[in-house]
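Data first, discussion second: the structure below is written as structure tokens.
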Amino acid sequence: MPVYYRGPSAHIDHRYLQVYVPEPRRFALSGLHGVHIVCVPSSRGGGGGTTTRLYATGTAGVAAATAWPVLGTGAMSVAATIAAAFLVGARGCWGARTHSYELRGFYRGMCQLLFSTTDERMFEQVRRGLVRAMEYRADTN
């Protein structure tokens, strides 16, 4: 039986995602689809950081919209403007240390919180393990 992740918070093999924290839950991979990542800002650490990130993201969007007529519609200038706005906006969520990472997905027709942690390394390990397990499942069925 292939094991794709084994750790203190979760266990992933070719048939199941088992999560131990905050309460034990088990998800059969056959009933799981639409898995996606959600970044949730934490309320701890003060409101200033969240407000600053929201303003930075909004400012990037306004800058992109304002620069569009000035830079023209050339493919390179459009790509550069969109990339800059995306990077500043993504930095608003991913660059902060006061948030949690979540894996959510549809399990038996309902949107479920599959896994959540504030530890980026553990989140990436679980995410990669789940991706590999789902790819294995898709290849063998």
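All values derive from a computational prediction rather than experimental measurement.
- The nearest pair of heavy atoms linking H36 to G105 is CE1-N, 4.3 Å.
- When the side chains of ILVMFWY residues are joined at heavy-atom separations under 4.5 Å, either directly or via intervening members, L130 and M110 end up in two distinct hydrophobic clusters.
- Under the 4.5 Å side-chain contact rule for hydrophobic residues, L114 and I37 share a cluster.
- The two residues V19 and F115 come nearest to each other via the heavy atoms CG1-CD1, 4.2 Å.
- With a 4.5 Å cut-off on side-chain heavy atoms, P2 and Y136 count as touching.
- In this structure F106 satisfies the ring-ring contact (aromatic ring centres under 6.0 Å, His included) test together with H33, sequence neighbours excluded.
- Between L113 and F27, the shortest heavy-atom contact is O-CZ, 4.0 Å.
- Within the structure, the side chain to side chain donor-acceptor pair (under 3.5 Å) test picks out no pair touching residues 13-29 (sequence neighbours left out).
- Considering all non-hydrogen atoms of both residues, A10 and V126 come closest at CB-CG2, 4.4 Å.
- Here the CZ-OH distance, from R127 to Y5, works out to 13.0 Å after rounding to the nearest 0.5 Å.
- Pairs engaging residues 104-113 under the side chain to side chain donor-acceptor pair (under 3.5 Å) rule: E102-R104 [sequence neighbours left out].
- Between atom CE of residue M122 and atom OG1 of residue T117 there is a gap of 5.0 Å, rounded to the nearest 0.5 Å.
- The 12-atom threshold is exceeded at CZ of R128, counting heavy atoms of other residues, nucleotides or ligands nearer than 6.0 Å.
- The CG atom of L17 sits 9.5 Å away from atom CE of M134, with the distance rounded to the nearest 0.5 Å.
- When all heavy atoms of L103 and F123 are compared, the closest pair comes out as CG-CE1, 3.7 Å.
- The two residues T118 and S100 have their closest heavy-atom pair at CG2-CB, 3.9 Å.
- Using a 4.5 Å cut-off on side-chain heavy atoms (C-beta onward), V40 and H99 make no contact.
- Distance OH/Y4 to CD/E135: 9.0 Å, rounded to 0.5 Å.
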